[in-house]
Amino acid sequence: MNTKKILVVDDEQVIRLMLSSLLRRLGYNAIFSENGKQAIEIYKQYTLDIDIAIIDLQMPEMNGFETFERLKSIDPDIKVIFSSGRMDDQLDRLVCESGSVCLAKPYKMEQLSQALEELSAFSKFSMNDV
């Protein structure tokens, strides 16, 4: 089992529970946040320990892009998987510009694994560590 950590930011508890199970099965440790503000505080504490963030785009108070921008101000090299129940051309454009990956909800373990692999070429770790 590897020791890589994923920050999961989603306001829906059922999604956090599902991701907890998927990430555990893929061999990752996860830190969970139910909103962007909490995610920023967690990231400030654990910047060096978190390898990738999975961020829901539609959240109350602070949406996923706002959260991403704030996290990026802490760590310009942060790698993100955006998670969304709605996909559109604007989202695709923003994802391409941000260098991030996007997963449409609902997704399966294989899709999550592929997204993690896709980011691994550019992230703080390589898949050889997994």
Side-chain angles (χ1 to χ4, degrees):
M1 181 169 205
N2 79 64
T3 58
K4 303 304 174 197
K5 286 194 175 84
I6 309 295
L7 173 62
V8 176
V9 187
D10 200 299
D11 60 316
E12 296 182 52
Q13 183 177 14
V14 68
I15 300 295
R16 292 192 307 269
L17 291 172
M18 183 264 313
L19 275 170
S20 175
S21 175
L22 290 178
L23 290 168
R24 195 174 326 111
R25 288 172 60 196
L26 289 169
Y28 292 93
N29 293 315
I31 301 172
F32 296 93
S33 170
E34 34 185 90
N35 60 58
K37 290 180 183 180
Q38 185 182 46
I40 291 161
E41 293 307 311
I42 291 169
Y43 201 76
K44 284 178 182 176
Q45 286 184 305
Y46 299 102
T47 302
L48 298 177
D49 297 326
I50 296 172
D51 300 291
I52 293 177
I54 300 174
I55 304 174
D56 182 23
L57 287 171
Q58 285 84 35
M59 293 185 293
E61 297 181 42
M62 182 183 293
N63 70 37
F65 286 118
E66 292 168 328
T67 302
F68 171 68
E69 289 299 321
R70 296 280 304 276
L71 293 175
K72 198 164 182 70
S73 72
I74 298 167
D75 177 9
D77 296 324
I78 187 171
K79 299 302 172 198
V80 172
I81 296 172
F82 288 115
S83 176
S84 177
R86 286 187 12 216
M87 303 299 288
D88 58 28
D89 291 338
Q90 180 184 13
L91 177 61
D92 290 342
R93 181 180 57 76
L94 289 169
V95 168
C96 288
E97 289 174 3
S98 73
S100 300
V101 174
C102 196
L103 284 177
K105 292 179 187 177
Y107 49 86
K108 298 179 180 179
M109 186 167 66
E110 295 80 20
Q111 294 165 306
L112 178 59
S113 178
Q114 182 178 356
L116 291 166
E117 286 178 28
E118 200 171 316
L119 280 181
S120 70
F122 307 104
S123 69
K124 299 176 189 175
F125 68 94
S126 72
M127 288 310 287
N128 296 333
D129 297 333
V130 177

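FYI, the numbering just counts along the sequence from 1.
Between Ile50 and Ile31 there is a side-chain heavy-atom pair separated by less than 4.5 Å. By the 4.5 Å heavy-atom criterion applied to side chains, Val8 and Ile15 are not counted as neighbours. Residues Leu116 and Tyr28 have side chains in contact (heavy-atom distance under 4.5 Å, counting atoms from C-beta outward). Between Glu69 and Glu66 the shortest side-chain heavy-atom distance does not fall below 4.5 Å. In this structure, the side chains of Lys105 and Asp56 come closer than 4.5 Å at one or more pairs of heavy atoms. No side-chain heavy atom of Val9 sits less than 4.5 Å from a side-chain heavy atom of Ile42. At a threshold of 4.5 Å between non-hydrogen side-chain atoms, the residues Ile6 and Ile81 do not count as touching. Contact check for Ile78 versus Tyr43: side-chain heavy atoms found under the 4.5 Å cut-off.
Contact record, Gln58 with Ser84: OE1-OG, 3.3 Å, taken as the closest heavy-atom pair.
With values rounded to the nearest 0.5 angstrom, Arg70 atom CZ is found 14.5 Å from Asp75 atom CG. Interatomic distance, Lys79 NZ to Asp51 CG, rounded to the nearest 0.5 Å: 12.0 Å. Here the straight-line distance linking atom CZ of Phe32 with atom CG of Asp10 works out to 10.0 Å at 0.5 Å rounding.
Residues Glu41 and Lys44 are paired through a salt bridge, judged by an N-O separation under 4.0 Å between the basic side chain and the carboxylate.
In terms of the side chain to side chain donor-acceptor pair (under 3.5 Å) criterion, residue partners of Ser33 (sequence neighbours excluded) are, by chain and number, Gln38.
More than 12 heavy-atom neighbours from other residues, nucleotides or ligands sit within 6.0 angstrom of CZ on Arg16. Atom CD of Gln111 sits in a crowded spot, with more than 12 heavy atoms from other residues, nucleotides or ligands closer than 6.0 Å.
The aromatic rings of Phe82 and Phe68 sit perpendicular to each other, their planes meeting at more than 60°, with 30° as the lower class boundary.
Looking at Ser20 and Arg24, their side chains do bring a donor and an acceptor atom within 3.5 Å of each other.
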